[in-house]
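Below: the structure, in structure tokens.
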Amino acid sequence: MLSSYRNKIEYGDFVLYNLRGLEEFKCCQHFDCGDDDLNEFFQCDAEPHKTELLATIYCLKLKKATDGKDSPPLAFISYSNDVIPTAKTKNFEAFQDYLTNSIPAQKHYPFLPAVKIGRLGVHKEYQGHHIGTYLLNLTKQLFTTNNRTGCRFITVDAYKDHKVTKFYKKNDFQFLNDSDRGKKTRIMYFDLKRYQPPSE
Ligand SMILES: CC(C)(COP(=O)(O)OP(=O)(O)OC[C@H]1O[C@@H](n2cnc3c(N)ncnc32)[C@H](O)[C@@H]1OP(=O)(O)O)[C@@H](O)C(=O)NCCC(=O)NCCS
């Protein structure tokens, strides 16, 4: 069914659903982004994470489906609250300098508020069609518009895979520090103060 949508996608075609309740989690069941851990999260763990208030999970679909059928999920993204510590620590100097120069008030905060992209997966048939980029832009917009709380950064534990870090770098994310160089994931961040909404 998915292949019938490929090559027909335009940005205005997307709608983002906030997943609530069991019925809507059924749409996660056959989702395949090509990564077993992420698939398992969306297929099995998303609902309990939502119920336990640990994460919110969103699904990207097409607004209008062909053949009168609902669009299958094209991508999922989950968010949780996060913080970035401001205390001076080893391997953190570059970010410290950035904070001192760009956020004078940071000395009043032992931690700066952030939102973490917990999981992000685009259906494997649709990868490379800028859906991931669309979701990151939407995230930047969501957390700078009418926020109920202050939120300065987006963070993500990015897979240390060249194509994944390239994807985040291309979307203006940077590595937070060097201490996770040897790990399977690297923390990357985007400063929401730098977000420029697209002009009308
Ligand atoms: C990583 C992922 C979310 C990117 O989403 P996407 O919709 O495929 O990415 P986009 O089309 O927006 O790509 C934007 C840029 O990222 C890079 N990129 C994305 N996929 C790539 C690939 N397979 N190989 C090389 N570079 C890639 C490219 O630089 C691309 O820019 P370009 O189109 O100008 O070349 C998606 O591929 C995915 O779900 N992968 C499997 C799960 C995963 O690894 N999730 C991330 C966990 S941290």
Side-chain angles (χ1 to χ4, degrees), residues 1-19 25 27-46 49-50 54-63 71-82 84 114-143 153-192 194-198:
M1 184 176 170
L2 269 174
S3 53
S4 63
Y5 295 102
R6 202 167 25 205
N7 303 325
K8 292 182 186 168
I9 296 175
E10 289 173 17
Y11 269 19
D13 293 342
F14 293 136
V15 65
L16 191 68
Y17 290 104
N18 185 358
L19 293 187
F25 278 89
C27 70
C28 308
Q29 278 171 6
H30 302 291
F31 183 73
D32 185 2
C33 68
D35 180 274
D36 289 345
D37 287 344
L38 287 172
N39 286 344
E40 189 182 329
F41 175 81
F42 292 123
Q43 291 170 10
C44 309
D45 302 333
H49 278 244
K50 165 85 181 161
L54 298 174
T56 55
I57 297 98
Y58 291 81
C59 170
L60 188 76
K61 290 185 175 185
L62 291 174
K63 259 183 200 155
S71 158
L74 303 182
F76 287 99
I77 187 165
S78 78
Y79 302 117
S80 298
N81 288 353
D82 196 13
I84 296 185
V115 58
K116 180 182 279 289
I117 296 176
R119 310 287 196 294
L120 166 61
V122 174
H123 194 286
K124 62 182 185 182
E125 285 202 39
Y126 284 88
Q127 292 173 10
H129 289 256
H130 296 117
I131 291 175
T133 297
Y134 172 84
L135 277 174
L136 292 187
N137 286 333
L138 203 60
T139 304
K140 292 170 188 176
Q141 193 196 339
L142 279 175
F143 289 94
F153 297 100
I154 303 173
T155 58
V156 64
D157 294 338
Y159 283 170
K160 212 179 75 183
D161 171 311
H162 174 66
K163 73 169 191 191
V164 175
T165 51
K166 187 174 163 201
F167 161 72
Y168 284 112
K169 277 187 190 163
K170 198 146 188 189
N171 285 287
D172 297 323
F173 282 66
Q174 300 179 52
F175 293 118
L176 187 67
N177 60 49
D178 281 337
S179 58
D180 53 8
R181 262 179 188 278
K183 298 198 173 151
K184 269 167 59 181
T185 56
R186 294 205 62 190
I187 305 175
M188 300 184 79
Y189 74 94
F190 174 82
D191 185 350
L192 283 164
R194 296 179 53 209
Y195 173 61
Q196 304 279 341

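Whatever order the structure lists ligands and atoms in, that order sets their numbers, starting from 1. Positions are given from 1, in the same order as the sequence printed here.
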Stepwise, does the side-chain contact (heavy atoms from CB on, under 4.5 Å) test hold for Ile154 with Phe173?
CA-CA 9 Å; Ile154 303 173; Phe173 282 66; 3.9 Å; yes
Decide, yes or no, whether a salt bridge links Arg186 with Asp178 under the criterion of side-chain N to carboxylate O below 4.0 Å.
yes
Under a 4.0 Å threshold between the charged nitrogen and the carboxylate oxygen, would Lys116 count as salt-bridged to Asp157?
yes
Residue pairs involving residues 36-46 (criterion side chain to side chain donor-acceptor pair (under 3.5 Å); sequence neighbours excluded)
Asp32-Asn39
Validate the cation-pi geometry between Lys50 and Phe25: distance from NZ or CZ to the six-membered ring centre under 6.0 Å, angle to the ring axis within 45°.
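No, Lys50 does not sit over the ring of Phe25.
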Side chain proximity check, Phe143 to Tyr195, heavy atoms < 4.5 angstrom
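Heavy-atom side-chain distance check fails, nothing below 4.5 Å.
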Present, as a list of atom pairs with distances to 0.1 Å, all nitrogen or oxygen contacts under 3.5 Å between ligand 1 and the protein.
unit_1, atom_1, unit_2, atom_2, d
ligand 1, 7 (O), Ile131, N, 3.4
ligand 1, 7 (O), Gly132, N, 2.8
ligand 1, 8 (O), Gly128, N, 2.8
ligand 1, 11 (O), His129, N, 3.4
ligand 1, 11 (O), His130, N, 2.7
ligand 1, 12 (O), Thr133, N, 3.0
ligand 1, 12 (O), Thr133, OG1, 2.6
ligand 1, 31 (O), Lys170, NZ, 3.2
ligand 1, 33 (O), His130, NE2, 2.8
ligand 1, 34 (O), Lys170, NZ, 2.4
ligand 1, 39 (O), Val122, N, 2.8
ligand 1, 45 (N), Leu120, O, 3.0

